[in-house]
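A quick write-up on the structure given underneath.
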Amino acid sequence: QDLTQLKNEKPFRWTGVLNVGTDFYTNSGDVPIRSDRFAWRISGNPTAYLYGFELPFSFTLGQQIRDIRYPTYNQFGVSPTWKWMKIHAGWRNMEFSPYTLAGHTFLGGGVELTPGKFRFAALYGRFHRAASTNAGQEYFLPTYKRMGYGMKIGFGTANNFLDLMAFKAKDDPNSLNAPDSLGITPGENLVLGLSGKATLWQKISFGVDGAASAYTRDVRSEEIVLDSLDAGENYVGEDIITPRFSTRLNFAGKATAGYNSQNFGLNFSYEHIDPEYATMGAYFFANDVENYTVSPMFAFARGKARLFGSYGVQRNNLLGNRSETSWRNIGSANLSLNPSAKFGLDLSYSNYRMNQTSTAFELSDSLKLSQATTQYSATPRLSFFGKTAVHTLIINGVYQFLDDQNPLTEKFGDVRARVAVATWAASFIESKLSVNTGLNYNDVQLGEIKTANYGLNFGIGKPFAKERLMLNLNSTFNLARLNGEADGNILNAGLTGNFLVQKKHSLNFGMHWIRSTSTFRGKYAEWRGQLGYTWQLR
């Protein structure tokens, strides 16, 4: 914001969208109720401007749990920005790195400062509220109140930088009285991280992300007296986090290197995540894993053809203390041909192989896992551009096979799937009518059971009332087969529309119906409906 231009700014204006809607549901037949009979929702993202000062807000309010008639999700936050400064207040999320603070929502405040090449961020807030399990909500685990804070400081640009970061969070053991049988304990976590990137000659790049996490599973466990340990074992300071018998120290990191030009690219990455590595700044990610990946890319024929892919090896049991070690080999190759605007072809191949080897003791054949998943796909497309209409024909074919290589389970572990879809779409310029239709086929064989569906789909859309009303109708009809025998049919139909009431106000609605007469899938009918209102704030 240029303060010298304040006289030219409007004192107040706002933009954004406000949405209000309801959902309806009913069903009959052999399936259980899969949604609330009625639900409502209100959401919005208004942004206010005070003399050019930006104040973005967001909120969501709704009822989405059956038989509960009060709001179950309510968040409100603002993140104003001014030049190189950004402030967060309310329900927000920030990200330091993948292994420290990685987008976890919190209620509190934060700041991000980027003057020149200086990089700074800090936050403080509540990451969990204390919540016990109520009758009828047994599927929710209780949580302790969790407060957290963190800071990141660094220097550089988007392509060349080095950041240091720290994040600390702790549960309040007095905020919840949870029975020990649930295994819910109050924890504490301190994470220190480093993130950096270097780019040379705009083509060669190196990157690194690393973190060390000291995680205490139960803050009520007995403390460790550091004076009784050798100096070499003092990993964390007692004034930062109290070491206890339930405290563990784990590491995680990723390193990348690559060369990328217009016609050639080659990238390498290595990732290592210790067993039981965790951070209270992220919701979840896999641990006890090591990954090696290489990704080449070639472009030729003046960019009209591109060949790219990747190959990776993954393993677990990094400490060698599990009864087995799982190895995964993942490879893929893709070829994209675009000789002209009228024709294109995409081909792809992928292979995912996994096997286990015994370590601590010999595994029984019935417990060993050895599988390979292979997939082929081809997608040719044709486009015809006329003065009155544009026509497009797309064909897609996919073949996937899961090969269970365990001789004791392969009879019911092998899975084969085939999918073929042909779609023709047309857009008529003068009438603004759009039409699409196509044929589809898919079958899946699992052991001795083979199911198949084949049929056609149709869709049409057109504006009315001087384009104030837009209607779209889509339907699909498939015949079903089970082990080669006819097994009824499945019909889907849906009508959606949007009506512009005024320049900033519109109504939207939708009706969806599905009916199945299949014995294998169940004989049922379902109706879903939506009705909403949208206000464009300008």
Side-chain angles (χ1 to χ4, degrees), residues 27 29-32 34 309-312 314 324 326-335 345-356 363-381 393-424 437-458 474-493 514-526:
N27 75 336
D30 300 335
V31 296
R34 296 190 279 194
S310 67
Y311 178 76
Q314 182 186 91
E324 84 292 333
S326 296
W327 293 85
R328 298 175 178 89
N329 295 272
I330 304 170
S332 66
N334 301 271
L335 177 63
L345 173 65
D346 292 329
L347 302 173
S348 70
Y349 164 82
S350 66
N351 182 271
Y352 177 95
R353 185 175 297 274
M354 178 179 178
N355 59 70
Q356 290 179 334
L363 287 175
S364 167
D365 287 342
S366 62
L367 298 177
K368 285 185 178 180
L369 180 61
S370 181
Q371 294 179 341
T373 301
T374 305
Q375 178 174 298
Y376 304 88
S377 71
T379 307
R381 56 192 180 276
L393 175 64
I394 299 177
I395 300 174
N396 178 244
V398 178
Y399 174 81
Q400 187 178 68
F401 181 63
L402 170 61
D403 181 15
D404 187 346
Q405 298 171 349
N406 186 323
L408 298 179
T409 60
E410 62 180 354
K411 291 184 178 180
F412 52 85
D414 287 348
V415 181
R416 187 196 67 189
R418 297 181 298 184
V419 178
V421 178
T423 302
W424 168 78
T437 186
L439 303 174
N440 67 85
Y441 173 86
N442 69 82
D443 68 51
V444 178
Q445 183 164 354
L446 174 59
E448 298 179 353
I449 299 177
K450 180 180 180 180
T451 61
N453 294 288
Y454 57 95
L456 55 88
N457 57 276
F458 176 79
N474 292 279
S475 63
T476 302
F477 178 77
N478 280 332
L479 297 173
R481 299 186 72 84
L482 176 63
N483 294 330
E485 301 292 334
D487 186 36
N489 57 73
I490 303 170
L491 175 64
N492 282 277
I514 179 172
R515 186 207 65 185
S516 170
T517 63
S518 167
T519 303
F520 181 75
R521 295 163 183 80
K523 298 180 179 181
Y524 65 93
E526 283 186 328

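Residue numbers start at 1 and run along the sequence shown. Please read these numbers as outputs of a predicted model, since none were measured by experiment.
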Q: Can you sort out the partners of Y441 under side-chain hydrogen bond (donor to acceptor under 3.5 Å, both in side chains), two or more places apart, ordered by chain and number?
A: D443

Q) Excluding sequence neighbours, so at least two apart, what forms side-chain hydrogen bond (donor to acceptor under 3.5 Å, both in side chains) with S310? A)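 S332.
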
Q: Check for a donor-acceptor pair, side chain of S516 on one end and backbone N or O of G522 on the other, with a separation under 3.5 Å.
A: yes

Q) Hey, is the main chain of N478 close enough, under 3.5 Å, to the side chain of N453 for a donor-acceptor pair? A)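 No, the answer is negative, given that no donor and acceptor are paired below the 3.5 Å cut-off.
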
Donor-acceptor contacts under 3.5 Å from residues 481-489 side chains, at least two apart:
{"residue": "R481", "atom": "NE", "partner": "G484", "partner atom": "O", "Å": "3.4"}
{"residue": "R481", "atom": "NH2", "partner": "G484", "partner atom": "O", "Å": "2.3"}
{"residue": "N483", "atom": "OD1", "partner": "K450", "partner atom": "N", "Å": "2.9"}
{"residue": "D487", "atom": "OD1", "partner": "T519", "partner atom": "N", "Å": "3.0"}
{"residue": "D487", "atom": "OD2", "partner": "S518", "partner atom": "OG", "Å": "2.6"}
{"residue": "D487", "atom": "OD2", "partner": "F520", "partner atom": "N", "Å": "3.2"}
{"residue": "N489", "atom": "OD1", "partner": "R515", "partner atom": "NH2", "Å": "2.7"}

Q: Go through the steps for N440 and N457 under the test side-chain contact (heavy atoms from CB on, under 4.5 Å), then give the verdict.
A: CA-CA 8 Å; N440 67 85; N457 57 276; 3.9 Å; yes

(Q) Please enumerate all residues that pass ring pair (Phe, Tyr, Trp, His ring centres under 6.0 Å) together with Y349, with sequence neighbours excluded. (A) Y376

Q) For Y399, which residues count as a ring pair (Phe, Tyr, Trp, His ring centres under 6.0 Å) partner, sequence neighbours excluded? A)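 In terms of ring pair (Phe, Tyr, Trp, His ring centres under 6.0 Å), with neighbours along the sequence ignored, Y399 is linked to no residue.
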
Roughly how far apart are [X] [atom1] and [Y] [atom2], rounded to 0.5 Å?
X: I395; Y: T423; atom1: CD1; atom2: OG1; result: 9.0 Å
X: I330; Y: Y352; atom1: CD1; atom2: OH; result: 5.5 Å
X: F477; Y: L491; atom1: CZ; atom2: CG; result: 7.0 Å

Q) Is any side-chain heavy atom of D346 less than 4.5 Å from a side-chain heavy atom of N334? A)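 No. Closest side-chain heavy atoms not under 4.5 Å.
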
Q: Would you mind reporting whether V444 and R416 have side-chain heavy atoms less than 4.5 Å apart?
A: no

Q: Begin from the C-alpha positions of T374 and Q400 and carry the test side-chain contact (heavy atoms from CB on, under 4.5 Å) through to its verdict.
A: CA-CA 6 Å; T374 305; Q400 187 178 68; over 6 Å; no

For [X], give me all partners under side chain to side chain contact (heavy atoms under 4.5 Å, CB included), at least two apart in sequence or on another chain.
X: I394; answer: T379, R381, T392
X: L439; answer: L456
X: N492; answer: T476, I490, I514
X: V398; answer: Q375, S377, N396, V419

